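Read the structure below first, then the notes.
Computed from a predicted model, the values in this text were never measured in an experiment.
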Amino acid sequence: MGIDRTSEATWLETLAPRHRELLARVGDIADACAERADEYDRAAAFPSKDFDDLAAAGLNAATVPVEHGGLGLGPLHGDTLPLWLMTKQLAKADLSLGRCWEGHTNSLVLLDALASERQRARWFEGIVHGGEKWVAWSGEPQARKPGERTAFGTIITEADGGWVLEGTKAFATSATGADRAILLVNTAGPGGARHADGPAEGLLLLACDLSDPSVTVDESWWDPIGMRATASHVVTFDGTFLPDADVIGEPGAYLHQGWQSAFTPHYAASFLGAAEGAFDYALEYLLRQDKTADPYVQQRVGSMAVNIDTAHLWLAHVARLWDSGHRREARSAGNRARHLVEHLALETVDHCVRACGARSLVRPSPVERLLRDLTFYARHDNDDHVLATIGRAALGYTHDSSFFKP
């Protein structure tokens, strides 16, 4: 009995030969990443070797423009789907790696879109030839959870030749692995972008060299159930000076131009990777256990296959909208895809567990980690608010398509 891979082959055939070759290279690296995923998860350690492999293969500059030595993928260059399929493959190997990769590639999209030519030349050089890793940090929750002692938030003050930053950011993905971070900070006070209510013009984007001794990482806070290897620690800025030369774009540009909406469907690509990982595990497990003749198992497998095909269709649809320049429609469709693929992925993992049984949740089964990681990562946005935002848009109400605030 063979496994039917017709759908996967069809997807690959729609891509240009150079993209198929690229994804084959990513797939080889992803296999090695999958072998290391359990180790990084248990240690809650940033997947540094994975990024080393990506850089050595010339893949870490995926969203850097071709004229600067990169691959020129992503929504700015009419090549969005290949980027998302790369992310899917890496997330399939390790969802934490997929999230760190998202943060890196999305940051480079922001540099490409908003940085000056001098800044782009300077920073892209370090990425292409030095393997530098980037990330973007905004998280500054304003209220403490029950029992939490740590307070979050930053205060930025204008100084001669730049800005001085004090305070902390939470959920700082890749905190122990990134070389530079785009900091989203607000002149109106703590809150960054997601948690601030001040005017859009108060939001600044500043590039921060994370080797600055005034920047420290508190590794004690990040001890979650899932997404452990994202190393999303608390980061403290103690009088960190950020020169004017490292201010990215005009104040408020991130919000005015709706850049968060460009990254929302990228999360869905990672969700899909987790779903595919569970599906592949289920197929292998069920074949080995000779359970494929069970009609209930067949229903579970059928549901998983349909879910994965549906998610691919949505990602391809949103990518086409970005690549054809229909940005308003792409933002709307991207939110819908993010909502739908979350549910398709969670359902697919559940089908896998129910079809394979409790042994699929015993370490070192990758499904045990996928279940924890996906459950945690799906909380990145409040899906109730995502769906309500989609509804408000359909009804013609004013809505926040970036952060889904009610």
Shortest non-hydrogen separation from Ser270 to Tyr377 and the atoms involved: CB-CE2, 4.0 Å
With respect to Cys33, which candidate in Asp50, Leu54, Asp28, Val26 satisfies the side-chain contact (heavy atoms from CB on, under 4.5 Å) definition? Asp50
Given side chains that start at C-beta, do those of Trp137 and Ile182 come closer than 4.5 Å, heavy atoms only? no
Any Lys/Arg nitrogen of Arg369 or Asp38 sitting under 4.0 Å from an Asp/Glu carboxylate oxygen of the other? no
Can you find a heavy atom in the side chain of Val109 that is under 4.5 Å from one in the side chain of Phe263? yes
For Asn335 and Ser261, indicate whether the former's side chain and the latter's backbone hold a donor-acceptor pair under 3.5 Å. no
Minimum heavy-atom separation for Gly153 and Pro190, please, with both atom names. CA-CB, 3.8 Å
Is atom NZ of Lys49 surrounded by more than 12 heavy atoms (other residues, nucleotides or ligands) closer than 6.0 Å? no
Pair Arg99, Ser96 - check side-chain hydrogen bond (donor to acceptor under 3.5 Å, both in side chains), show working. CA-CA 5 Å; Arg99 174 67 194 112; Ser96 287; over 6 Å; no
Exam field: side chain Ser116 to backbone Gln119, donor-acceptor pair closer than 3.5 Å: yes
Qualifying residues under side chain to side chain contact (heavy atoms under 4.5 Å, CB included), relative to Asp79, sequence neighbours excluded: Arg18, His19, Leu73, Pro82
Roughly how far apart are Asp246 CG and Phe241 CZ, rounded to 0.5 Å? 9.0 Å
Step through the shown structure and confirm whether more than 12 heavy atoms of other residues, nucleotides or ligands are within 6.0 Å of CZ on Arg363. yes
Run the side-chain hydrogen bond (donor to acceptor under 3.5 Å, both in side chains) check on His104 and Ser174 step by step: do they pass? CA-CA 9 Å; His104 172 69; Ser174 304; over 6 Å; no
Pairs satisfying ring pair (Phe, Tyr, Trp, His ring centres under 6.0 Å), at least one member in residues 287-308, at least two apart: none
Worked check of side chain to side chain contact (heavy atoms under 4.5 Å, CB included) between Lys88 and Phe271: CA-CA 8 Å; Lys88 181 197 74 170; Phe271 298 162; over 6 Å; no
Check: Ser324 side chain, Arg320 main-chain N or O, donor-acceptor pair, under 3.5 Å: yes
Arg36 and Asp53 ion-paired at < 4.0 Å: yes
Check whether any side-chain heavy atom of Tyr254 lies under 4.5 Å from a side-chain heavy atom of Leu204, and answer yes or no. no
Between Lys169 and Thr154, is there a donor-acceptor pair closer than 3.5 Å when you use the side chain of the first and the backbone of the second? no
Sole candidate of Asp384, Asp383, Thr264, Ile390 that passes side-chain contact (heavy atoms from CB on, under 4.5 Å) when paired with Phe404: Thr264
Using modelled atom types only, decide if a donor and an acceptor are shared between the side chain of Ser402 and the backbone of Gln260 within a distance under 3.5 Å. no
With distance as the sole criterion, is a donor-acceptor pair present between the side chains of Thr173 and Ser232 under 3.5 Å? yes
Applying side-chain hydrogen bond (donor to acceptor under 3.5 Å, both in side chains), run through His68 and Asp112 and close with a yes or a no. CA-CA 10 Å; His68 284 279; Asp112 193 14; over 6 Å; no
Spatial distance of atom CZ (Arg118) from atom CZ (Arg122) [nearest 0.5 Å]: 9.0 Å
Within the structure provided, determine whether Ile155 and Val164 are in side-chain contact (heavy-atom separation under 4.5 Å). no
Mind checking the CH2-CG spacing from Trp163 to Asp244? Nearest 0.5 Å is all I need. 8.0 Å
Measuring only between side-chain heavy atoms, which start at C-beta, is Trp322 closer than 4.5 Å to Trp84? yes
Sub-3.5 Å donor-acceptor pair from the side chain of Ser332 to the main-chain atoms of Glu329, do we have one? no
Any side-chain heavy-atom pair of Asp41 and Arg372 under 4.5 Å: yes
Thr230 to Cys100 - nearest heavy-atom pair and separation: CA-SG, 3.7 Å
Atom pair CD (Gln89) and CG (Leu85), whose distance is rounded to the nearest 0.5 Å: 7.5 Å
Check: Cys208 and Thr240 side chains under 4.5 Å, non-hydrogen atoms: yes
Can you tell me if CD on Gln298 sees more than 12 non-hydrogen neighbours from other groups inside 6.0 Å? yes
Count the heavy atoms of every other residue, nucleotide or ligand shown that sit under 6.0 Å from CZ of Arg328, and state whether that count exceeds 12. no
Name the orientation class of the two ring planes belonging to Phe51 and Trp101 (parallel below 30°, tilted from 30 to 60°, perpendicular beyond 60°). tilted
Please name the pair of heavy atoms, one in Ala57 and one in Arg25, separated by the smallest distance, quoted to 0.1 Å. O-NH2, 2.6 Å
Considering all heavy atoms, the nearest Leu71-Ala62 contact: CB-O, 3.5 Å
Output for pair (His351 NE2, Phe279 CZ), nearest 0.5 Å, gives 11.0 Å
Charged N to carboxylate O under 4.0 angstrom, Lys405 versus Asp400? no
Determine, stepwise, if the pair Arg194 / Asp381 fulfils salt bridge (Lys or Arg N to Asp or Glu O under 4.0 Å). CA-CA 10 Å; Arg194 183 179 294 273; Asp381 293 305; 2.9 Å; yes
Please determine whether a side-chain nitrogen of the Lys or Arg among Glu117 and Arg120 lies less than 4.0 Å from a carboxylate oxygen of the Asp or Glu. yes
Donor-acceptor check, side chain of Glu166 to backbone of Gly239, threshold 3.5 angstrom: yes or no? yes
Could you tell me whether the side chain of Leu111 reaches within less than 4.5 Å of the side chain of Thr63, counting heavy atoms only? no
Side chain of Arg20, backbone of Leu15: donor and acceptor closer than 3.5 Å? yes
Neighbour count >12 (heavy atoms, 6.0 Å) for atom CD, Glu347: yes
Shortest non-hydrogen contact between Leu203 and Gly192, atoms and distance: CD1-O, 3.6 Å
What distance separates Asp94 CG from Arg228 CZ, expressed to the nearest 0.5 Å? 12.5 Å
If you apply the rule side-chain hydrogen bond (donor to acceptor under 3.5 Å, both in side chains), what do you find for Thr80 with Asp323, and how did you get there? CA-CA 7 Å; Thr80 305; Asp323 292 348; 2.6 Å; yes
Would Leu205 and Leu114 count as a side chain to side chain contact (heavy atoms under 4.5 Å, CB included) here? Give the steps. CA-CA 9 Å; Leu205 273 66; Leu114 300 177; 4.0 Å; yes
Does the separation of the ring centres of Trp134 and Phe124 fall below 6.0 angstrom? no
Hey, does the side chain of Asp218 reach the backbone of Val234 with a donor-acceptor pair shorter than 3.5 angstrom? no
Any donor-acceptor N/O pair, Gln142 side chain to Glu140 backbone, under 3.5 Å: yes
